Amino acid sequence: MIVTKKRIKMKQRVMRNWKSLKRLVSRYPTAKLARKRWKSCRPRLTKKLQREAELREREEAKKKREKEEEEAVKAREKEQEEEKRLAEEEKRKQEEKERKEYEEYLKLKEAFTVDEEGCDENGEDSEENRLAAFINHVKEKKVVLLEDLAAHFKMKTQDVIDRLNSLQESGDLT
């Protein structure tokens, strides 16, 4: 059994009580009877004092544990608040970054201008000339890639396919 300072102090208190009772008995001869009773009660009294001391120790340990748990809960709450604050700050920074990128995109978008598009050039006055040029080009080349033909006449590939089909149906191309 490990002897602690508290137990040593408790034993010293018991011994002081015992010494004070001895003095009392020596002063008053009628207290002899009380002395005999004290001798019989001493083991019970020491056990009682020990129990009380152990109860005090337990209560102190319990209070200490409760205080530590309370501090741990406070620390966890503080940590959670810190994490929440950091998450909000990170979210705010991310939103700011996205907003700046979008503004840069808009500035870059404004810098580009589109004057004319290369596809779907339709001139009604030269439509017949273009059709004749289209038929002559296909007859001369015999084998033409649709993409090349579309690029040459500045048309979409699907429009070239549609025009070839219509020319075959009308009999201009075979």
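Small disclaimer: the values here were computed from a predicted structure and weren't measured.
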*Can you tell me how far CG of Leu145 sits from OG1 of Thr157, rounded to the nearest 0.5 angstrom?*
10.5 Å
*With side chains defined as the heavy atoms from C-beta onward, is the minimum distance between Leu131 and Leu167 less than 4.5 Å?*
yes
_Glu96: which residues meet the salt bridge (charged side-chain N to carboxylate O under 4.0 Å, His left out) condition with it, sequence neighbours left out?_
Arg99
*asked:* Checking Lys91 now: which residues fulfil salt bridge (charged side-chain N to carboxylate O under 4.0 Å, His left out) with it, not counting sequence neighbours?
replied: none
_Contact list for residues 77-88, test side-chain hydrogen bond (donor to acceptor under 3.5 Å, both in side chains), sequence neighbours left out_ = Glu82-Arg85, Arg85-Glu89
*From Lys97 atom NZ to Lys100 atom NZ, the distance as rounded to the nearest 0.5 Å*: 11.0 Å
*Which distance, rounded to the nearest 0.5 Å, do you find between the CD of Glu54 and the CZ of Arg56?*
10.5 Å
*asked:* Gln158: which residues meet the side chain to side chain donor-acceptor pair (under 3.5 Å) condition with it, sequence neighbours left out?
replied: Asp162
*With His137, which residues qualify under ring pair (Phe, Tyr, Trp, His ring centres under 6.0 Å), at least two apart?*
His152, Phe153
*Interatomic spacing from CG in Asp159 to CG in Leu164 - rounded to 0.5 Å*: 11.0 Å
Enumerate donor-acceptor pairs with a distance under 3.5 Å from any side-chain N or O in residues 62-72 to protein atoms, sequence neighbours excluded.
none

*asked:* If I take atom CD from residue Glu110 and atom OH from residue Tyr105, how far apart are they, to the nearest 0.5 angstrom?
replied: 11.0 Å
*Please step through side chain to side chain contact (heavy atoms under 4.5 Å, CB included) for the pair Val160 and Lys156, ending with a clear verdict.*
CA-CA 6 Å; Val160 170; Lys156 292 182 180 176; over 6 Å; no
*For the residue pair Glu90 and Leu86, establish whether any side-chain heavy-atom pair is separated by less than 4.5 Å.*
no
*How far does CD1 of Ile161 sit from CE of Met155, to the nearest 0.5 angstrom?*
10.5 Å
